Amino acid sequence: MSGESETTRNVEHVAIIMDGNGRWATRRGLPRLVGHRRGAERVREIVDLCPDIGVKYLTLYAFSTENWKRAEAEVAGLMSLFRRYILKEAKKLDANGVRVRFIGDRTRLDRKLIDLMASLEEKTAGNDHLNLTIALNYGGRDELTRAVRLLAEDAAEGRIAPADITEDSIGYFLDTRYLPDPDLIIRTSGERRVSNFLLWQAAYSEYEFVPTLWPDFTAGEFAEVVAGYSGRDRRFGAASA
Ligand code: IPE
Ligand code: IPE
Ligand code: MG
């Protein structure tokens with residue numbers, strides 16, 4: 001990348017680490033699952049807003065490969081919330097021109113959920129008003145491990161020479177092969193860490209850490225964060241002006 005016009009870019013792809021549901025509920029003396037349910041409502045508002053503020057790709061971290069470590073009841077409650085979200089939202093998402101896709105390892109999810117995910121992807125495949133990607137049982141290290149395995153199989157069977165492996169060929173084997181890299185990654189709840197989200201894809205992403213807990217993160221605050229980012233100077237390794 002070189003030249004002044006490349007130093008700033010529109011916010012085409014925003015990814016969000018939706019954190020803080022548990023604390024939101026605990027502070028109110030409520031079960032953690034109530035926080036997760038509230039969080040799902042925030043997803044609706046933000047999805048609706050994205051096309052109005054020029055965001056073409058929205059990627060949401062819903063469940064990490066490490067989240068299985070939580071209590072069985074919380075995991076089961078989250079899985080049931082994901083099923084209900086798909087059942088309830090499918091029609092509206094499709095009517096609004098949202099294309100939904102999922103990233104992450106599906107093999108560990110239950111059959112019913114896997115089928116719902118596949119049918120939502122299929123139903124919305126022709127839409128292009130907004131590309132919504134939901135990361136479910138997603139981990140950046142797991143994704144890279146699966147990609148390396150596939151590349152190693154291709155190499156072992158002579159379909160690719162190790163010397164021909166490029167950044168593009170690695171990108172092709174990632175779950176995100178159809179996505180541009182995220183321009184901006186937002187994490188709510190005040191934690192300032194990546195927690196295994198989009199490790200490869202975030203090489204040049206901007207980060208914004210906001211103290212708001214996810215169930216309190218309104219579409220208005222989201223729009224403010226996105227607007228604040230638009231002026232940042234992204235150099236992609238080139239010298240500053
Ligand atoms: C994020 O909220 C949702 C998931 C990880 C599924 P948390 O449940 O992590 O909320 P805190 O961090 O405990 O407050
Ligand atoms: C990251 O949040 C995963 C999701 C938001 C789905 P966590 O709450 O699981 O992350 P840690 O444990 O604080 O790093
Ligand atoms: Mg958390």
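Counting starts at 1 for both ligands and their atoms, following the listed order. These numbers come from a predicted model, not from an experiment. Positions are given from 1 along the sequence.
- Nearest heavy-atom pair across Met117 and Leu136 is SD-CD1, 4.3 Å.
- Between Lys92 and Asp48 there is a salt bridge, since at least one side-chain N of the basic residue sits less than 4.0 Å from a carboxylate O of the acidic one.
- Side-chain contact, Arg101 with Asn131: a donor N or O sits under 3.5 Å from an acceptor N or O.
- Each of Glu206, Arg234, Glu208 was compared with Tyr229 under the side chain to side chain donor-acceptor pair (under 3.5 Å) criterion, and only Arg234 meets it.
- Here Lys69 has no heavy atoms under 4.0 Å from ligand 2, in either its backbone or its side chain.
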Go ahead and list the nitrogen or oxygen contacts between ligand 1 and the protein that come in under 3.5 Å, distances to 0.1 Å, or just say none.
unit_1, atom_1, unit_2, atom_2, d
ligand 1, 2 (O), Gly20, N, 3.3
ligand 1, 2 (O), Asn21, N, 3.2
ligand 1, 8 (O), Arg32, NH2, 3.0
ligand 1, 8 (O), Arg70, NH1, 2.7
ligand 1, 9 (O), Asp19, OD1, 3.0
ligand 1, 9 (O), Arg70, NH2, 2.9
ligand 1, 10 (O), Gly20, N, 3.4
ligand 1, 10 (O), Asn21, N, 3.1
ligand 1, 10 (O), Gly22, N, 2.9
ligand 1, 12 (O), Asp19, OD1, 2.9
ligand 1, 12 (O), Arg23, NH2, 2.8
ligand 1, 13 (O), Arg32, NH1, 3.4
ligand 1, 13 (O), Arg32, NH2, 2.9
ligand 1, 14 (O), Gly22, N, 3.4
ligand 1, 14 (O), Arg23, N, 2.7
ligand 1, 14 (O), Arg23, NE, 2.7

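- Using a 4.0 Å cut-off to heavy atoms of Arg193, the atoms of ligand 2 that qualify are 11 (P), 13 (O), 14 (O).
- When all heavy atoms are compared, the tightest approach of Asn21 to Gly39 is OD1-CA, 4.2 Å.
- Between Arg111 and Asp115 there is a salt bridge, with a side-chain nitrogen of the basic residue lying less than 4.0 Å from a carboxylate oxygen of the acidic one.
- Between Leu33 and Leu78, the shortest heavy-atom distance links the atoms CD2-N, 3.9 Å.
- Residue side and main chain included, Asp19 places an N/O/S atom under 2.8 Å of the Mg ion (ligand 3).
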